[in-house]
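Some notes on the structure that comes next.
To find a chain, count down the sequence lines: A is the first, B the second, and so on, and within it residues start at 1.
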Amino acid sequence: MRTKIVAGNWKMNKNLQETEALLTELSAKLPDTNATVIVAPTFVNLQAAQSALGSSTIKVAAQNMHFAESGAYTGEISADMLLSLDIDTVILGHSERRAYFGEDDALLAKKVNTAIEKGLKTIFCFGEELEDRKADKHFDVVESQLKNALFSLDASAWKNIVLAYEPVWAIGTGETASPEQAQEMHAFIRKTIADAFGAAVADEVSILYGGSVKPSNAGEIFGKPDVDGGLIGGASLVADDFVAIIAAI
Amino acid sequence: MKYIVWISRIIVGVLFIISGWIKLNDPMGFSFKLEEYFSPGVLDLPFLTPLALGISIFVVIVEVILGILLLIGFKPKFTVWSLLLMIVFFTFLTFYSAYFNKVTDCGCFGDAVKLTPWESFTKDVILLVFILILFFGRKYITPLFPPKTNWIIGGVALVACTWFANHVLNHLPTVDFRPYKIGANIQEGMSVPEDAPKSISEYRWKFIVDGEEKIFVTNGSFPNVEGGKFTNEVETVEIQKAYEPPIHDFTIEQNGVDFSERVLNAQKIMLVIAYDLKKSNYEAFEKIAEVAAKAKQNGYRVIGMSASSKEMTDELRAEYGLDFDFYFTDETTLKTIVRSNPAVLTLKKGTIQQKVHYNDLDKLTF
């Protein structure tokens, strides 16, 4: 039985007060759900987020981390630092990290290895660009991203991996990915993992969809058999919208 | 034959008057439909797009007048030839649209009656049969009144149709057939019953097996194909359509965040709608600035909704001193909500209370 997950990536939004206010509202409005609900505020608000959530079932994740244990990496955060705040989940490989900060598969492989070694649950993001889709290379690109970053892991490590497929071409471009396109890719991803690590691993890994999920389309997307939840961007910054998306799973 | 012609005359005449009047009530809506027909994906006649409204008014007036002329039996040769040419053209158009799945609703009855492409084609074939009966039996079409009376009826009908078209264009359709009519609740229009049919698709995965292309059909899962190589091609075919509520595309966004819920839950909100600022009547925004201020004084929240860029809406706000933010909504949705550009609506908890053309801003009450 795969875990259903709705994860809100807050990106570089919400200051301390806004973080506390949103989490308080979110805790109060959280519907009954079997899904794991995660929020990922900015680094500086992780501790405050933990405190604001108190006994809530909502989990807090980090949006990034460095692969090194410690050292001269100004501005970076290590896995141990996250663990010291009781943060046990980290998002790696988000399309914005890849696009704006030059994170490639090789670097991400190092980060994933560190996260897994440290026992952090990793939400690994990947997905093709518009030109890949237009050239019908989207399956190849996704397969390559998975292989380069994750296929050096042991099968046992996959219990701490959550995948988040982001069709980058469908985010803020006016293009729209249909729920069927999401299912096609999710099915392909699961098959790719099954081929490499066996059906048991593939059947257990949660694959989230990260292509502009909104309250209006969440139900249809989450209804697809290989979609196990969503990595939510803008809509996770509004309590009512995020709650509506959680309720749709 | 005489009686068959009479029956055909009544059926065709009444149908042309009804379908013409429905479109005459909303010539702007019919012009949007014509723009869809003229678009590159359909007939690819982009040079006609700027003329769509003019063509729309002409066609619907002709439709009503031909219906009236047929019923009163005036100028039967001209009437029947015109009807035949029109129906032959529209039968071709609806067949093309249905066969190539181009335009999902023909717009034959405006927003009052929605027909699928094949239903539209069937309707046109049936009408063609009746019109052929009229064509071959046109000697049985006799005038009901003396020529002078017929001229007067025809003239009055033409003047009335032209006045009516002008009236609805400068105000709003007299009868609103759309799901955004006054009194409608948008949330209710968006709701989907729990037992409503869901979309079911089949996935056709293309593989190369032993050098040959083969399609493997699944319900979504990736097929297990021994010795096959996936070609990276998969086609999804919807075999059961999901229930589509009357309102299915209402979103209000800003910076990627959907504000629909908040807008629809507002106790008092005024929406300024301008689907495309390049086509807006800019003079109206002076009055809208005044109306917005008055609405705010009366406890209304005011927002703008447009499909135009942020640069354009910012420029507009600065030029006319509009003290409210603009949010993004799809152009087609905005055109469906209201036929005026700009226009103003007031909502109470998602229920449309008032909806006015920019010529009728004075009629708003707060």
Chain A contact via B:Phe250 - side chain, backbone, both or neither, heavy atoms under 4.5 Å: neither
Part of B:Ser201 within contact of chain A (heavy atom distance under 4.5 Å): side chain
Winner by heavy-atom pair count (cut-off under 4.5 Å) against chain A, out of B:Thr251, B:Asn232, B:Val234: B:Asn232
B:Ser199 and B:Glu238: side chain donor to acceptor below 3.5 Å: yes
Structural part of B:Thr231 lying under 4.5 Å from a heavy atom of chain A: neither
Top contributor to chain B interface from A:Asp240, A:Ile189, A:Asp140 [non-hydrogen pairs under 4.5 Å]: A:Asp140
Residue A:Asp195 versus chain B: region with a heavy atom under 4.5 Å: neither
Over-ring placement of B:Lys214 relative to B:Phe207, 6.0 Å and 45° cut-offs: no
Atom CG of B:Asp323 with >12 non-hydrogen neighbours under 6.0 angstrom: no
Short side-chain donor-acceptor distance under 3.5 Å, A:Gln145 and A:Asp105: no
Single hit among B:Lys181, B:Arg339, B:Lys355 for side chain to side chain donor-acceptor pair (under 3.5 Å) with B:Asp176: B:Lys355
